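Notes to accompany the following structure.
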Amino acid sequence: MSQNPPSNKLANALGGIGLALSSKNFAWYCGGMALSLTGSFVFFTALGWVTFELTRSPAWLGTVVLAETLPNVIVGPFAGVLIDRWSAKWALFWAQLFAAIIMTLLSIATFGGWITIELLIVFAILIGTLNGVAFPAHFAILPKLVPRENLSPAVALQTSVSQTARFLGPAAAGGLIILGGGDVWGGGGLAFGFKAVSYSGFLIALLFIHVDETKDTLTTRGSVGRELLDGMQYAWSTLRLRYLLITAVALGIFLRPVYELMPAFVGGILNSDATALSTLLAATGGGAMIASLWLARRGKLEGLVNIQNLTFAVTALVLGIFLFTRNIGFGIFLMVLYGTMSASVLIANQTLLQSTIDDRMRARVLSLYALTLRAIPALGAFIVGHIAGFTGLVPALAGVTVLGVLYWLWVTFSSSAKEHHNSLESDP
């Protein structure tokens, strides 16, 4: 009786993970992305910490987060058109290269003691502008790296890499801040410098990735505005896409601002320090890593709509409990659970979205989707941060969490939302 070769046994044991990694392009992509994304979460953690140390203000924290993400709203959709015309790979390469240069300058300015809240906003805008190109390029290149039948585990595994970085990045940021002397200039400068260096792994990986993008580029070209409008009309008129995008927006604006405002919660509510901040953020990433590995191993589209809707409800419930706990140990447990549930929503949502989009519209639609990952939570953080100036941070976050519960009730019980749900279940 013949036996499976060791490589097949390993692939069978890994399930969808093994199928996705069988593509060399995808393996290079994940390897390069791992270092770069770890640096990104070091940067986001340090950015929030430096902002709060400079201002002691949730409103300023929300403003800086919005400054980094608002360019996504302006640049992202136009970048999607250009990527559909040109190349996701090279758009990603050049955006990352220029971002590395800007991050190096930010590190130098911080080490030199020249950083102010105003200058920090300028750098946040510059990085956000380049991310407006990089994010839709990330999403657009992914389906070109694996066969279509392996797309579901590839999306989950990519998210697993991202969530591993979300786990490691905040912990690394806390260590770098302490290593840099625990102050804004040394600690922040070291963290920003780490991010500058981290771009190198992904830049090298992109040079080893070879994909044929010619068949996916636009053959007939109108104005950029016309093509952008076509992408928006396509996304809104396609029932499944509209439902998925609305769900992603609801998660981002109602249940995600707590992550962006965590420095204010830790410093102002828990009266704790950068170590507690990095631990809570790392716990969120750890939970998200669990979800992404589970869904990558699962490796199939069936049942993802129910997973998305159920985990949305649990995310809101866990967040509501977390807001009123003052015990850091219990808070860490809740953040692991929050990360697991919210990541499950995101992975299921993105997998269903990627499986639905026409290739020639991919970058334009995904440039809109990218807004839900960074710009929408940042908008929520900006709004909640300013409301918190009048009501306090916990009531403001609790208020938007209640709105998230109301959205889930609409999805669960309204006839129009059930129509969207059934359209996904009938032909994923």
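Computed from a prediction, not measured in an experiment: that's the story for all the values here.
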| 4.5 Å side-chain heavy-atom contact, Glu260 and Phe44 | no
| Hey, are the side chains of Pro263 and Trp49 touching, using non-hydrogen atoms and a 4.5 Å cut-off? | no
| request: Applying side-chain contact (heavy atoms from CB on, under 4.5 Å), name anything that partners Ala396, two or more places apart in sequence or on another chain. | output: Val384, Ile387, Ala388, Thr391
| said: Using modelled atom types and a 3.5 Å cut-off, is there a donor and acceptor pairing between side-chain atoms of Lys89 and backbone atoms of Ile141? | reply: no
Atom pairs and distances, side-chain donor-acceptor, residues 60-67, under 3.5 Å, sequence neighbours left out:
from	atom 1	to	atom 2	distance (Å)
Thr63	OG1	Ala59	O	2.8

Show me the side-chain donor-acceptor pairs of residues 117-130 shorter than 3.5 Å, one per line, residues at least two apart or across chains.
from	atom 1	to	atom 2	distance (Å)
Glu118	OE1	Thr116	OG1	3.4
Thr129	OG1	Ile125	O	2.8

| What ring-ring contact (aromatic ring centres under 6.0 Å, His included) pairs are there with at least one residue in residues 319-358, not counting sequence neighbours? | Phe265-Phe322
| query | Rounded to the nearest 0.5 Å, how far does CD1 of Ile328 lie from OG1 of Thr275? | reply | 9.5 Å
| query | Is there a side-chain contact between Thr110 and Val50 (heavy atoms, below 4.5 Å)? | reply | no
| Do the side-chain N and O atoms of Thr247 and Tyr407 include a donor-acceptor pair separated by under 3.5 angstrom? | yes
| field | Point-to-point distance, once rounded to the nearest 0.5 Å, from CE of Met33 to CG of Leu142 | value | 8.0 Å
| request: Give the intermediate values and the outcome of side-chain contact (heavy atoms from CB on, under 4.5 Å) for residues Leu92 and Ile83. | output: CA-CA 9 Å; Leu92 190 53; Ile83 291 166; over 6 Å; no
| task | Determine whether Leu270 and Leu280 make a side-chain contact, defined as any pair of heavy atoms from C-beta on separated by less than 4.5 Å. | result | yes
| Closest heavy-atom contact between Trp294 and Ser344? | CZ3-OG, 4.2 Å
| task | Let me see the working for Phe43 and Leu106 under side-chain contact (heavy atoms from CB on, under 4.5 Å), right down to the final yes or no. | result | CA-CA 11 Å; Phe43 166 67; Leu106 172 58; 3.9 Å; yes
| said: Looking at Gly32, is its backbone amide N or carbonyl O close enough to the side chain of Ser36 to form a donor-acceptor pair, meaning the two atoms are under 3.5 Å apart? | reply: no
| note | Rounded to the nearest 0.5 Å, the CZ atom of Arg242 sits from the CG atom of Leu244 at a distance of 11.0 Å
| message | Between Ser272 (side chain only) and Gly267 (backbone N and O only), is there a donor and an acceptor less than 3.5 Å apart? | response | no
| query | Does the side chain of Tyr243 reach to within under 4.5 Å of the side chain of Val411, using non-hydrogen atoms? | reply | yes
| query | Would Phe208 and Trp28 count as a close aromatic pair, with their ring centres under 6.0 Å? | reply | yes
| request: Calculate, to the nearest 0.5 Å, the distance between atoms CZ and OG1 belonging to Phe41 and Thr284 respectively. | output: 10.5 Å
| remark: Of all heavy-atom pairs linking Val258 and Leu255, the shortest is CG1-O, 4.0 Å
| note | Heavy-atom closest pair (Val345 atom, Gln308 atom, distance to 0.1 Å) is CG2-O, 3.8 Å
| request: Starting at CE of Met262, measure out to OG1 of Thr45 and round the result to the nearest 0.5 Å. | output: 10.5 Å
| Do Ser198 side-chain atoms and Lys195 backbone N/O form a donor-acceptor pair below 3.5 Å? | yes
| query | Can the ring centres of Phe202 and Phe93 be said to be less than 6.0 Å apart? | reply | no
| If you look at every heavy atom in Thr104 and Ala196, which pair is closest and at what distance? | OG1-CB, 3.5 Å
| query | On the ring face of Phe26, is Lys24 found with NZ or CZ under 6.0 Å from the centre and within 45° of the axis? | reply | no
| task | Output the distance between atom CG (Leu190) and atom CG (Leu176), rounded to the nearest 0.5 Å. | result | 5.0 Å
| Side-chain touch Trp94/Val133, heavy atoms, less than 4.5 angstrom | no
| So, the side chain of Asn25 versus the backbone of His210: is there a donor-acceptor pair under 3.5 Å, distance only? | yes
| message | Main chain of Gly174, side chain of Ser278: is a donor-acceptor contact present, judged purely on distance under 3.5 Å? | response | no
| request: Name all residues meeting the ring-ring contact (aromatic ring centres under 6.0 Å, His included) criterion together with Phe111; count only those two or more places apart in sequence or in a different chain, and write none if there are none. | output: none
| said: Just to verify, what does Phe52 make a ring-ring contact (aromatic ring centres under 6.0 Å, His included) with, not counting sequence neighbours? | reply: none
